[in-house]
Every structure is written in C-alpha cells, then in structure tokens.
S.K.: 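Structure in structure tokens, see below.
Residue numbering restarts at 1 for every chain, and letters A, B, ... go by the order of the sequence lines.
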There are 2 protein chains.
Amino acid sequence: MKKSASTQSVQDYLKHIYELTEKGSPASTNDLARELDIKPASVTGMIQKLAAEKPTLVEYQKHQGVTLTPTGKRAALEVIRHHRLLETWLVQTLGYSWDEVHEEAERLEHVISEDFERRIAAALGNPTRDPHGELIPTADLKMPVDDTTPLSSLRPSQSATIQRVAAADPNLLRHLDSLGLTPGIQIEVTEYSAFDNNLTVKVGRKINVLGLNITTKIFVELIS
Amino acid sequence: MKKSASTQSVQDYLKHIYELTEKGSPASTNDLARELDIKPASVTGMIQKLAAEKPTLVEYQKHQGVTLTPTGKRAALEVIRHHRLLETWLVQTLGYSWDEVHEEAERLEHVISEDFERRIAAALGNPTRDPHGELIPTADLKMPVDDTTPLSSLRPSQSATIQRVAAADPNLLRHLDSLGLTPGIQIEVTEYSAFDNNLTVKVGRKINVLGLNITTKIFVELIS
DNA sequence: ATCTAAATTTAGCCTCGACTAAATTTATTT
DNA sequence: AAATAAATTTAGTCGAGGCTAAATTTAGAT
C-alpha cells in the first residue's frame, strides 16, 4: 500500500494560485490566504517550501507574489478538471442542483484516481462545461479559450445564449435558477437603463430586470 | 468553512478495529498495526489518545487490546457502509470490475457526505450486499446478520447460491470470476475428496475442482 | 522626500500522527 | 520456576502545516 502523500493542501494552493493568476499578475500572499482561509504567514511558509521542492511547481520572489510554472499549471488544471467533471457528474447522475455540488466536489477532487476521472468523463460524453458553464480543462490539461461576453455588455435588441454563471453563493444560484437564468438558455435584451445600468431581459415568457451585480456574473454568446 | 478535523485516520482505526473484533476478542496492537500498515508503537499512541477523547469511541486496557464502544461501532459501520455502497456503485454505474473497486472506494469512503451516501443508496435501490457479497450496514447503522455457510462445508448432491466471496487479492478475484464463481451464481457439489479436501463443483456447464484455500472464502446459501 | 498604513516575511511555537530505540510486560518452553 | 521469545508500551524525535507576535518591506499620501 502506497504512502498517502501530503499532496492534499498543495493541490489547494495550486488551484487557487491558478485562479488568482488568470488575469496575468502573480497571486499575492494576502489573496491566497483569503482564498484558502488561512493566515498570510502560513501562506508565506508554504509557498517558500513549495518553491524549493524538486519538481518546481511555483515561481516565487519575496514580496512579488507567486506564479505557476508549466508543471504547476498542469497540476492545477488536473484538480480543476476533477472538480468540474465531478460537479457535472453529481448534477447529471445523482440529481444534485447546481447550488449544492460545490462542497461535495471540493472534497472528492483530491481523492479520485485518473481512472475514475476517465470513466466519468466518458460516461458524461466528455463535456466541455460544468453545470455553472465553467470550462472543463481537456484530458491533456489545456484550458479551452473562453469567448463569452458579460451579459452587462449587451444592449436592447441583442439576443444571446447564456454560457456561464460565475457565481458561487448558493442563495444567488437558487435565485438565478428561479429566474430561468441558467447555461443553455436563450435571452433577449429589451431595455437598458444608463442611469442604474439595469438590463431588462426576456427569458422565454419571463421579463426580468437585472442589476449590474448580476449581469457581470453571467457570460453569454451572442446570437447573430 | 469548517475545520477539516483529523477524522481521516481515526476512521481507518475504527474500521479495522471493527473487523478485528468481529469474532469477539479485542483487537491487538500488532494486528492493528499490520492492517493499518504502520508500526505497533504508533498504534499504541493513537489508541491511547482515542481512548481518552470526549465521545468515547474505544475501550482500551494496556496489553489487553482494544474494542469499540457502541458509539465507536456506529462510526465504524458508517465508514463500512460508505465503502460498500461506493464499491457497489462504482461497479454498477461506472463499469468497474470487482477486483478494481477496493482501492478507489478506500479513498472515497472518508470524504463523501451523508447526502451523497443517501443519494447513491437510493439510486442503487438500497442494496444489501456489495459486489463481493459483503453485507452493507443499514442506514440506521446496524450490520445485518450473515446466515451463510462456507462452501468448504458442502458435500456431494448439495446445491447452493453463492452469496459472498471473502477475497481481496485482485488476481484471485479475476480467477474466481473466470471460473464463474461470483455472488448470485448457483452451484452444485458433485464430488468431495476427503484426502485433500477438494470439492468438485458444477457451475452451469462448467466443472471446477476447488481447493480448500478457495472454498473457505466462498460463502453460500443452501438450496433446500 | 518623508511618513504612515498595508502587506509580507521572520521567528518561534503548537498539534498531529507517524517513527526508532529502549524498556517493560506477557507468553512459551524447557 | 527460570529463561527466552514475542508483544506491547514508553520516551524522545521528526516533518507537515497551521498559528501569533514582531520585524521588515512596499506603497500611498502629504
């Protein structure tokens, strides 16, 4: 029987570094600490150890934040692939709703085998997006490019398909679900208020007035 | 977010204590160490801490081994229920074979939620046995009574249904599978050799001669 | 250019759960 | 009943990965 390795937290560090560095800049100690729900001093310690280890996963310079090496990025994408495949699979085969899956997937993502990953991916037909519409890294660990636009940028007469809902709060997710605002759904913008940045949107027969706080979290693909 | 608690290894201790104490006698330090693949001294340390904790899970007296309290037993059955439901579910929904499931279930059993447990139990129709025929503890954490007989006790002319195959070695499991000796299958004993304790058994159209080493691991229910 | 506030790092400490080596207790054999 | 062997426990150590408090660095504002 193999040693179980302390790869558990490391995976969490890598995953969050990936997310924090997506916009190009290094991940700060503080931001990482907030994401991981631990103290900044602990992050510094862990990052310093990580940066020193044999297969170099992260690049680190004091006070400058941390970034992933190509190897570290692959490791992060592996975890993210696990997470998103698991969410998809929990929703599709066990009837979880999109506001319930995150926590469960968070725990499972660290312990499933590559074999398990392959099996659920195949069973689901190698999906490209999870239930929130987040892109699932491919089997060879590339993150597909996202060509969506925030709903907040649409204006009257434009129609679009909702691709992604970048919200984590379960209450908000349930609310959006009740408004019919879920991935795959088609919408049409009918009004725009420059004053408060609200959009009026038709979803089927429903008419919803959506504030900025929501419209920046919904990403769509325009229908020409 | 909750603290993740060091309940991981504790669950392993409880599970193995449960198994070792099934025949009535306390689990010895040495046996536990072998099962857990750690050194006896480590077991002593952990058991002493466990025995001191607030919800008392184990009963321990120096040099006398360890047993489970009712609470500890419930905790053990919870893990075992997780394990066996997971094995069943991996086989039935993801196409794992019975020689592949153990390792994966071993890792998953510690991280699934009670909600997840309920969902797979329901999806599987609340099964009572796992793919090896092991009894699955009920939702209220009782271990059903096992009324099977070892195949080794059968004699010519007796027919039976295989209920349980108490083997862990993947090679042996694949071998038994190739002989058709899996739970649910009906067999009939045609010969018995008192000399070497071999049984000749008809499985469908197959005739197998089975040695003691195998016949003590297969448990059956007689067909009257 | 300096001063202050915020971010980060350092230093030292703690708990967990393993380990080794040595001591002790129990069991077996003569 | 003593002697040896086997099992168990004790004592002390280690690495992981957190934490706090204090020191230091960077950044923003006057």
S.K.: A/Q61 has an atom CD; how far is it from atom P of D/dT24, in whole Å?
M.R.: 21 Å
S.K.: Separation of A/K49 atom NZ from D/dG17 atom P, in whole Å?
M.R.: 5 Å
S.K.: Between A/R164 and A/E134 (salt bridge meaning N to carboxylate O under 4.0 Å), is one present in this structure?
M.R.: yes
S.K.: Could you tell me whether A/E59 atom CD has more than 12 heavy atoms of other residues or ligands within 6.0 Å of it?
M.R.: no
S.K.: Calculate the interatomic distance between A/D37 atom CG and D/dG18 atom P; express it in whole Å.
M.R.: 11 Å
S.K.: Once the angle between the rings of B/W98 and B/H132 is folded into 0 to 90°, is it parallel (under 30°), tilted (30 to 60°) or perpendicular (over 60°)?
M.R.: parallel
S.K.: Taking atom P of D/dG17 as reference, at what distance in whole Å does atom CD of A/E53 sit?
M.R.: 8 Å
S.K.: Provide, to the nearest angstrom, the distance between the CD1 atom belonging to B/I47 and the P atom belonging to C/dA18.
M.R.: 10 Å
S.K.: Rounded to whole Å, please give me the gap between CD1 in A/I38 and C1' in D/dG18.
M.R.: 7 Å
S.K.: Side chain of B/A41 only, heavy atoms from C-beta on: which candidate in D/dC19, D/dT9, D/dT8 is closest?
M.R.: D/dT9
S.K.: Please determine if a side-chain N or O atom of A/Q48 lies less than 4.0 Å away from the OP1 or OP2 oxygen of C/dT10.
M.R.: yes
S.K.: Let me know the distance between NE2 of B/H63 and P of C/dT24, rounded to the nearest Å.
M.R.: 11 Å
S.K.: Is there a side-chain polar atom (N or O) of A/Y13 under 4.0 Å from OP1 or OP2 of D/dG18?
M.R.: yes
S.K.: Between C/dG17 and B/S42, is there an OP1 or OP2 to side-chain N/O distance shorter than 4.0 Å?
M.R.: no
S.K.: For C/dT8, does OP1 or OP2 lie under 4.0 Å from any side-chain N or O of A/N30?
M.R.: yes
S.K.: Nearest whole Å is fine: how far is D/dA16 P from A/L50 CG?
M.R.: 11 Å
S.K.: Is the shortest side-chain N/O distance from B/K62 to OP1 or OP2 of D/dT10 below 4.0 Å?
M.R.: yes
S.K.: If you compare every side-chain N and O of B/Q64 against the phosphate oxygens of C/dT25 (OP1, OP2), does one of them come in below 4.0 Å?
M.R.: no
S.K.: Decide side-chain hydrogen bond (donor to acceptor under 3.5 Å, both in side chains) for A/D12 and A/S9; before the verdict, give the C-alpha distance in whole Å, the side-chain angles of both, and the deciding distance to 0.1 Å.
M.R.: CA-CA 5 Å; A/D12 277 332; A/S9 311; 5.7 Å; no
S.K.: From the options C/dA18, D/dG17, C/dT9, select the nucleotide whose nearest atom is closest to the side chain of A/P40.
M.R.: C/dT9
S.K.: Measuring to OP1 and OP2 of C/dT9, would you say a side-chain N or O of A/T29 lies under 4.0 angstrom away?
M.R.: yes
S.K.: Taking OP1 and OP2 of C/dA18, is either one under 4.0 Å from a side-chain nitrogen or oxygen of B/S9?
M.R.: yes
S.K.: When we call it a touch if two heavy atoms are under 4.0 Å apart, what does B/T44 touch: a base, just sugar-phosphate, or nothing?
M.R.: base
S.K.: Would you please confirm or rule out a distance under 4.0 Å between OP1 or OP2 of C/dT9 and any side-chain N or O of A/Y60?
M.R.: yes
S.K.: Could you give me the CA-CA distance, side-chain angles and deciding distance for A/H16 and A/D31, then say whether side-chain hydrogen bond (donor to acceptor under 3.5 Å, both in side chains) is met?
M.R.: CA-CA 9 Å; A/H16 285 109; A/D31 288 353; over 6 Å; no
